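Okay, structure first, notes after.
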Amino acid sequence: MEKKITLQDKTFKIFIPNSEIEKAIDQVAARMNKDFSSYTDSNPPVMLCTLNGAVMYAAELLKRLTFPLEFKALKLTSYQGTKSTGEVKAELPPSIANFKGRDVIVVEDIVDTGNTIVTLKNLLEDLGAAKIFVTALLLKPEVYKKDVKLDYVAMSIPNRFIVGFGLDYNELGRNTEDIYVLDS
Ligand code: IMP
Ligand code: MG
């Protein structure tokens, strides 16, 4: 029988099994290890995880990345239920000292409208970051129309609402190893 989960009023069916997610992360990590191999202990990039959704992706990346890096996290919110509010809020204001002159790798769970990534990039530029790279586990290319370059995207998906592997529906469903899609 097909794997399904229920979160409050909604049912979700299996969409991307963990084995496929891991394979996609392996590939992204291999590209990053090549591109960031010239970084040394004296100028490590800052890997910046957006909370909460990107925690699982960031953890899987951390296991695979072999160049020196610092790890930081920042909490952003924009979704309510299954819809983007369009307004992105930074709940933990980042410190300027952490980013001035630093190269930053932003780790996102999913890029949808791109409001989050645009807001975050502007914020990091204001904080004096040098180069800003973006990695996202997932991208909805049908929705994303912004100019910010997404350097390392693990998987592209259609415009459907998904949960699992860190992504939530009303804060639920983050703790699954597979990704599920709304069963409508
Ligand atoms: P954006 O600002 O519209 O690009 O959306 C980014 C954020 O919205 C992501 O980091 C997620 O937290 C959330 N989000 C977007 N699409 C989904 C989805 O299909 N399921 C769960 N969360 C989503
Ligand atoms: Mg997010």
Side-chain angles (χ1 to χ4, degrees), residues 3-18 20-21 24-25 28 46-62 71-94 104-127 129 132-184:
K3 265 203 217 173
K4 289 195 180 192
I5 55 169
T6 298
L7 303 168
Q8 295 175 342
D9 57 332
K10 300 214 184 314
T11 303
F12 296 82
K13 63 181 179 193
I14 187 91
F15 188 51
I16 311 173
N18 183 265
E20 259 179 60
I21 301 170
I25 299 175
V28 159
V46 181
M47 183 166 153
L48 179 63
C49 172
T50 62
L51 297 175
N52 295 320
V55 278
M56 217 182 274
Y57 176 44
E60 290 301 322
L61 266 184
L62 280 171
F71 182 81
K72 296 190 189 305
L74 147 141
K75 183 154 172 64
L76 296 171
T77 47
S78 67
Y79 255 61
Q80 257 167 24
T82 63
K83 295 269 177 318
S84 174
T85 61
E87 189 199 353
V88 182
K89 282 188 256 170
E91 292 191 7
L92 292 174
V104 181
I105 305 168
V106 172
V107 182
E108 256 286 37
D109 49 357
I110 183 163
V111 176
D112 180 29
T113 65
N115 291 328
T116 306
I117 206 67
V118 169
T119 305
L120 187 50
K121 195 170 178 216
N122 291 338
L123 182 68
L124 289 169
E125 282 169 354
D126 290 347
L127 294 173
I132 301 166
F133 304 91
V134 179
T135 180
L137 177 66
L138 297 147
L139 168 66
K140 295 180 185 170
E142 292 160 36
V143 189
Y144 184 66
K145 301 290 174 235
K146 303 282 202 283
D147 296 328
V148 173
K149 186 172 169 237
L150 308 173
D151 304 275
Y152 305 96
V153 174
M155 293 176 286
S156 288
I157 59 165
N159 185 19
R160 309 270 300 275
F161 187 78
I162 57 164
V163 294
F165 205 84
L167 290 110
D168 71 303
Y169 168 59
N170 285 336
E171 295 302 327
L172 296 172
R174 296 192 194 273
N175 53 322
T176 65
E177 63 168 5
D178 305 309
I179 290 174
Y180 292 78
V181 66
L182 192 58
D183 192 10
S184 50

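Just follow the structure's listing: the first ligand is 1, and inside any ligand the first atom is 1. Remember, predicted model here, so these are calculated numbers, not experimental data.
- At a heavy-atom cutoff of 4.0 Å, ligand 1 is contacted by the backbone of R160 but not by its side chain.
- Taking each heavy atom of I162 and I157 in turn, the nearest pair found is CD1-CD1, 3.7 Å.
- With atom 20 (N) of ligand 1 as the reference point, the heavy atom nearest to it among I162, L167, V111 is part of I162.
- Annotation: the span from L138 atom CG to Y57 atom OH amounts to 9.0 Å, rounded to 0.5 Å.
- In plain terms, the two heavy atoms of C49 and F71 that are nearest each other are CB-CZ, 3.6 Å.
- Using a 4.0 angstrom heavy-atom cutoff, D168 counts as in contact with ligand 1.
- Residue V163 does not touch ligand 1, judged by heavy-atom distances below 4.0 Å.
- When all heavy atoms of V104 and L124 are compared, the closest pair comes out as CG1-CD1, 4.0 Å.
- Using a 4.0 Å cut-off to heavy atoms of K140, the atoms of ligand 1 that qualify are 16 (N), 17 (C), 18 (C), 19 (O).
- Proximity to E108 (heavy-atom distance under 4.0 Å) selects the following atoms of ligand 1: 10 (O).
- The aromatic rings of F12 and F161 sit tilted, their planes meeting at an angle between 30° and 60°.
- The environment of CG in N159 is crowded: more than 12 heavy-atom neighbours from other residues, nucleotides or ligands sit within 6.0 Å.
- The contact set between ligand 1 and G114, taken as ligand atoms under 4.0 Å from a residue heavy atom, comprises 1 (P), 3 (O), 4 (O).
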